[in-house]
2 protein chains.
Amino acid sequence: MGETGTDKALREGSSVKRAAIIAAARDLFVHQGVDRVSMDAVAAQAGVSKRTVYDYFGDKRRLFLAILADASDSLNASARDALDKHLPETAEIATVPQLEEALTAVAVELGTTIVGSADYAAAFALVAQQRLQTPATEDDVVTAPVENALAERFARWAAAGLLDAVDPQLATAHFGALTLLLAYNAQPNPASADPARVRQIMIDGVHAFMRAYGAR
Amino acid sequence: MGETGTDKALREGSSVKRAAIIAAARDLFVHQGVDRVSMDAVAAQAGVSKRTVYDYFGDKRRLFLAILADASDSLNASARDALDKHLPETAEIATVPQLEEALTAVAVELGTTIVGSADYAAAFALVAQQRLQTPATEDDVVTAPVENALAERFARWAAAGLLDAVDPQLATAHFGALTLLLAYNAQPNPASADPARVRQIMIDGVHAFMRAYGAR
DNA sequence: TACCAGCTGCACTGCACGGTGTAGTGTCGC
DNA sequence: GCGACACTACACCGTGCAGTGCAGCTGGTA
């Protein structure tokens, strides 16, 4: 399941044009909905002929899937960056306050990069749009890797006596709900978030999480 | 802002037909997306002629808004019911465990009726679909009344020393995130939720909430 | 009986969009 | 000069859909 077969006769083309088309389509799709955006509009926004769009991506559905894959990739990449940056394997976290500080740093960074950035918020919006439609939408944005990485760390801290979490998976879900989920949902419309507001939600969310799960 | 003006020349008609059209349109819209559902399909599903749909609602947009208003009303009604049932003004809640029990009852009921019921889940799905589209979407599903009612109760319990909540609004937001938001988001697709799963999420969510906000 | 409103069924218009085919232009390597 | 290629501009087809107009059926009412 690694490669989604580029079935036939798709042109490789330059990566800059490809990126331009994806960016244009993403922005238009997010703000107007996939169905209301014509391929002509995508081509115009990308500064490319409509024919080129079809030569590159085949049809509208495959263009959409390409957007999802692209967003999913960069989302996971930046999430992993944030984790490695603020919660490295070598982190010396020995007290609950240290843990809260580190988690807050992670949450704020994730919040500003994910919720605050149109690129990633777009992915969620698009999935939310298509989720209900044609049931054959198994092509989702994969959040699992990040969640698993977090759950693994939670389990380690629980073992170390820093967290009072019987079920690390559940703790991870609650962490996400109190931070990213809440922040994303609190925005009137994604891709235009108020950074300060997001930041405050993150801080409050981590604080509540630590009150619930921090060892006493 | 009370009445959205039924501009002109709309027929009142029988409430059963009206309800049938709304139900049919809601289901189709939720499962296929507003743009992909034709008015012919709505009429057929409702067992009504297309002409009648137009005579009743004017156009597709107003039909959509009627669905939102309808869902918003019944959602708030059943939410208020759940609150009055499990957290009446006359409730004798004096201990933290009693509070957790009552909150769990409320959350489970809200979860099964809202997340578990297609009617209300549909509203959120539709709003999610339209939220990004044409920015002039001020016609939202109003959750504010319920949230305020909850926040008010939280404030009272905080004053009574049962909750350790400096900011009742924030506590309400966290309560919602840990329960409804998480449950709604954990469903692969709304309107087909697993009741047992929803129930468990609610129980766990309230438990975590009480660990974070319950007085020690 | 005549009238009238609610409703159906259907034909019809106008339009927008997905997708294709193709002629023509610029560019690179030989 | 020549072929191969990437790309554009544009015309074009088929289709699906929002919305309208209308003829006709039905049941209730005076």
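When reading the values below, keep in mind they use all heavy atoms of this one structure, side chains included, and skip hydrogens, waters and symmetry mates. Chain naming here is simple, since letters A, B, ... match the order of the sequence lines and numbering starts at 1 in each. Given the structure is predicted, the values throughout are model-derived calculations rather than measurements.
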Less than 6.0 angstrom separating the ring centers of A:Tyr213 and A:Phe175, yes or no?
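Ring-ring flag for A:Tyr213/A:Phe175: false, centres at least 6.0 Å apart.
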Could you tell me whether B:Glu101 atom CD has more than 12 heavy atoms of other residues or ligands within 6.0 Å of it?
no
Under 3.5 Å: donor-acceptor pair, side chain of B:His86, backbone of B:Ala82:
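No; judged by distance alone, with no hydrogens or angles, the pair does not exist.
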Is it the case that the side chain of B:Lys85 and the backbone of B:Ala105 share a donor-acceptor pair, with hydrogens and angles ignored and the cut-off at 3.5 Å?
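No, because the side chain of B:Lys85 does not come within donor-acceptor range (under 3.5 Å) of the backbone of B:Ala105.
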Closer than 4.0 angstrom, basic N to acidic O: yes or no for B:Asp55 and B:Arg51?
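Counted as a salt bridge, because a side-chain N and a carboxylate O are separated by less than 4.0 Å.
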Name the nucleic acid region contacted by A:Val37, choosing base, sugar-phosphate or nothing; use a 4.0 angstrom heavy-atom cut-off, strictly under.
sugar-phosphate
Does B:Phe57 reach a base, just sugar-phosphate, or nothing at all? Heavy atoms under 4.0 Å.
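Nothing, no nucleic acid heavy atom in range.
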Does the cation-pi check pass for B:Arg62 over B:Tyr56, that is, NZ or CZ under 6.0 Å from the six-membered ring centre and within 45° of its axis?
no
Find the distance between OH (B:Tyr184) and CD1 (B:Ile114) and round it off to the nearest 0.5 Å.
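It comes to 11.5 Å.
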What is the distance from atom CG of A:Asp204 to atom CG of A:Leu178, rounded to the nearest 0.5 Å?
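Taking CG in A:Asp204 and CG in A:Leu178, the distance rounds to 10.0 Å.
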Would you list the protein and nucleotides 19-22 of chain D atom pairs, both N or O, that sit under 3.5 Å from each other?
residue, atom, partner, partner atom, Å
D:dG19, OP2, B:Lys60, N, 3.0
D:dG19, N7, B:Lys50, NZ, 3.2
D:dG19, O6, B:Lys50, NZ, 2.9
D:dG21, N7, B:Arg51, NE, 3.1
D:dG21, O6, B:Arg51, NE, 3.3

Does a nitrogen or oxygen in the side chain of A:Thr52 sit under 4.0 Å from OP1 or OP2 of D:dT8?
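Looking at the OP1 and OP2 atoms of D:dT8, one of them is under 4.0 Å from a side-chain N or O of A:Thr52.
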Starting at CZ of B:Arg36 and ending at P of D:dC17, how long is that distance when rounded to a whole Å?
11 Å
Can you give me the first and the last nucleotide of DNA chain C (5' to 3') that has an atom within less than 4.0 angstrom of a non-hydrogen atom in chain B?
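So the outermost contacting nucleotides come out as C:dG6 to C:dG9.
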